[in-house]
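Written out below as structure tokens is the structure these notes cover.
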Amino acid sequence: MSASDTGDQRILLIDGHAMAFRAFFALPADGFSDGRGQATNAVYGFARMLINVVSSERPTHVAVAFDLPGGTFRDRIYDQYKGGRDVTPPEFIGQIDLIMQVLDALGVRWLTVEDYEADDIIATLATRTAAEGGEALIVSSDRDAIQLVDEKVTMLQPIKGVTEMRRMTPAAVEEKYGIPPERYSDLAALVGEAADNLPGVPGVGPKTAAKWIVKYTDLPGIIAHADEIPGKAGQSLRDHLEDVERNRLMNAAVLDLDLPTDPGHYTLGGGDRGRTAAVFDELAFGDTIRRDLPAVLFGEDADAPAEQEPVAEVLELDGAAGLHDLLGEGAGPLALTVADDVRGGPMLGIATGEARAAIRLEQLDSDASAVLAAALGGPREVRTADVPAVRSWMQVNGYPLGRQARDLALEAFVLRPGARSYDAEALGTELGGARFEPRPRKPADSTLAKETPEVRSGHVAVAAARLAEAASALHPAAEELARRQGEEPWASGILEDLERPLQEVLETMHGRGIAIDRAALAALREEFEGFVAQAKREAGAIVGEEVNLASPKQLQVVLFETLALPTTRKISSGHSTDAESLTDLQEKLEPGSSGHDFLSWLLRFREMSKLTGYVVGLDKVHDSSSRVHTTFQQTAAATGRLASTEPNLQNIPVRTAEGQRIRDVFVAGQGYETLLTADYSQIEMRIMAHLSEDAGLIEAFRTGEDLHNFVASRVFGVSPDAVDPAMRSKTKAVSYGLAYGLSAFGLSRQLRISRAEATDLRDGYFERFGGVRDYLRSSVETARSTGFTETILGRRRYLPDLTSDNRQRRENAERVALNSPIQGSAADIIKLAMLAVERRMRGQELDSRMLLQVHDELVVEVAPGELETVREIVVEGMDRAYELSVPLEVGVGIGGTWREAAH
DNA sequence: GCCGTAACGTA
DNA sequence: CGTACGTTACGGCG
């Protein structure tokens, strides 16, 4: 379509401010955030609306009109125009700018005109398009737009939320208001518009107004015959003619703004997928909305999408000859990606610097298989994202991957921890200049069953191409990483001396797993399930109706409606039913009352369901030798901590007696004598002492006295033996709170004391431990000026939000800046300890072995006769891992189960 | 089937 | 309005 061919034009005109506001109230502000404190509900809802309308209405052009702050010509006519509106909610602020960024990325034009409203922009463009023979679709919740409707101009009015729209055609307007659209402004002038603070004729509503318009044609007709109109309404009209005339003046759309006239200016299709992805990343938008982005926004033909066409150069290989051609005799690096395709089975993406291919392992003949095995087991550097995952996948599929593998995810993580993903596609996109479509949804089984072989092989080819592309993109990513490491030399020490060697240790630990006692597990499961059933029964008997206690939504009905209990703190979906709220609530109730009893059983249900969940989960993940193999993720936590997944063995209960029984299920395995656990005592406070160089805190650790007791005696100015438990626990809360950036408010809430008391407590603490205060203050300021925090080993975490204009984001970043050096340094230290322990145990050829790490604790399986040696290696490895200005203290426990090995 | 939320376990 | 995580169940949405 040419620019002058306006007859085919179908322009979508959106009232940006009105729709953003609508989205803001349709979606919970605290349910959508970018993860850094910026609300994004209006942005999300707006984007959702835009996507839906573009997909369903298929416009060729789009423009979004925004109001500017600071008023318009209408305010000069009537100084109370739009007066009396509530102040803009704070969470809405900033979201308009974000919407504009989204629109820019999507290639959608947005417009503002000084002194005019969005409505005027829309009116100008709609009438111009219609006059040129095109069509216009107006999306607005502002009724003023109704006056623009005609055969060529349709209005979409949101009914519910931002996705359900009513189609206002001339017939629909006529039906709803009893007058044609061009008379709507007359009607509105009579009735008034509360939202704009334009009072109409008292006692005259839309029905009366429409009746008059029908009778006297239009507003001038009504005014001319005002004297003839009988009754109260007629008198009221005569009394308020000035208001009516003012309203008509105010609600008349301006049709002649000076706006770009070339239709090409508004053409759809100038979107940039990369930029959109980046903006969506910033906003923490998920995959669903990305998948739904209409191709037309990016100038792609939706009927024959490019993503359905495999890239021509990608080969699907099944024979040795093809593989030889690909791999050649070269010695350059190879890049690998792996996938278990729902249709194609195990697939391998493989790329040299020049060529790439996808291999379906099940189709390889034996010659080809040998060629592949030789290449991967040979001396060539192999680049992957997540070496342990790729190696384990290869192992399962019968190909060993040598130790020459380079993990680009780990490298990228060290340089910039905290990224959402470090998978091959993410690295290829961020570092290798590649671009991928949103991942297609996983098809339902029923869909798969219905596929013809042709369709199926088409899908497989697309997936194969994508896998090969991802592998290929790892090469430029690897080069970019090398360049960045050159620019940031601090990273190489962390990578070479810590993370890379640790990766091998973690792979070994994964392979070992930890033994569980299946009989004990089964018994525990039965017992816990019995408790769950009992709690369910008892709670159900009290309310006398079917209720799913695991559904917070149903619970809210039971608690606050059926039982009519006082409401708890507000959350986005109503009122909280978390344990803290329920306990508080229970304290307000009479013991023995039905509400009180119900809450007891509910809390019991929660506790036991949680524990049952652990037990059931463990039963699902152990291998045939009853061992559980957690995966330690090395790139998951931005502070440098490890994370444990499938299953998470870093959150096994320990605080309650019943919870601890789960730890009795973890045992020393066949051929081993006992478990040994070793943990650092107060490592974070020791790091605080080290980093702050606070003389008092350092002394506390050197005296060997109980830390919190010592600190409390200073804070409260009493002798150490005069410290009571309340003083100790308050002091302890302050100590740890400080490392998390806790506010006086948070402290008061946690300790259930007044704000003033919390402030006094903190001030008292800082008075005696001034070095801590100075350190905390300066560490945030240093991070603000350098842009990053640093651990004792020089591991960095970049925090751009420290200079954000958004207070919530900035303060959040400040808390992160307080905590990261402390948590991160503790992570550094235990990682060093793990390297030392593993090295020495292997060096001495012991059979004992390290199995788990739980942030400040190591769990070791001890072979017969090795206990004392192992104890010494572990304790030394841990306390000599790094020399702080205070000693590192390590506690050790021995036992047949994890619980017994606690100390 | 995916995804976000609520809740809750750990350090 | 305290940091860092992972897992579960529910329920809205498509």
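Convention: sequence-line order gives letters A, B, ...; per-chain numbering from 1.
- In the displayed structure, Glu451(A) atom CD is contacted under 6.0 Å by more than 12 heavy atoms of other residues, nucleotides or ligands.
- In this structure, the CZ atom of Phe632(A) is 17 Å from the P atom of dT10(B), given to the nearest Å.
- Counting any heavy atom pair closer than 4.0 Å across all strands shown, Arg749(A) reaches no nucleic acid atom.
- When the P atom of dA11(B) is taken as reference, atom CD of Gln853(A) falls 12 Å away, rounded to whole Å.
- Each of Arg784(A), Arg807(A), Arg809(A) was scored for a salt bridge (Lys or Arg N to Asp or Glu O under 4.0 Å) with Glu814(A), with one residue passing: Arg784(A).
- Ion pair Arg661(A)/Glu658(A) not flagged as a salt bridge, since none of the NZ, NE, NH1 or NH2 atoms sits closer than 4.0 Å to an Asp/Glu carboxylate oxygen.
- In this structure, Leu642(A) reaches neither bases nor backbone, as no heavy-atom distance under 4.0 Å exists between it and the strands shown.
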Problem set entry | Per-nucleotide pairing state of DNA chain C [Watson-Crick or G-U, under 3.5 Å; [ ] pseudoknot-crossing; | other strand] | ..|||||||||||.
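- A ring-centre distance under 6.0 Å is not found for Phe632(A) and His510(A).
- Between the side chain of Gln750(A) and the base of dG2(C), at least one donor-acceptor pair of N or O atoms lies under 3.5 Å.
- For Leu751(A) and dC1(C), the CG to P distance is 18 Å, given to the nearest whole Å.
- The ring pair (Phe, Tyr, Trp, His ring centres under 6.0 Å) search around Tyr765(A) returns Phe769(A), not counting sequence neighbours.
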Exercise. Once each nucleotide of nucleotides 4-14 of chain C is scored for protein heavy atoms under 4.0 Å, what B/S/- sequence comes out, 5' to 3'?
Worked result: BSBS-SSSS--
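- Of the N and O atoms on the side chains of Arg797(A) and Ser820(A), at least one donor lies less than 3.5 Å from an acceptor on the other residue.
- The CD atom of Gln660(A) sits 14 Å away from the P atom of dG9(B) (whole-angstrom rounding).
- Counting non-hydrogen atoms under 4.0 angstrom, Ala826(A) reaches nothing in the nucleic acid.
- Protein atom CZ of Phe666(A) is 13 Å distant from nucleotide atom P of dT10(B), rounded to whole Å.
- Atom-to-atom, CZ of Phe528(A) to P of dG9(B) comes out at 12 Å; the value is rounded to the nearest Å.
- Rounding to the nearest 0.5 Å gives a distance of 12.5 Å between CD1 of Ile516(A) and CH2 of Trp898(A).
- Rounding to whole angstrom units, CD of residue Glu580(A) and P of dG9(B) are separated by 13 Å.
- Leu603(A) has its CG atom 12 Å from the C1' atom of dA7(B), to the nearest Å.
- Panel note: side chain Thr645(A), backbone Asn648(A); no donor-acceptor pair is recorded below 3.5 Å.
- Salt bridge Asp619(A)/Arg525(A): present, at least one basic N to carboxylate O contact under 4.0 Å.
- Distances shown here put every side-chain N or O of Arg655(A) at or beyond 4.0 Å from the OP1 or OP2 atom of dG9(B).
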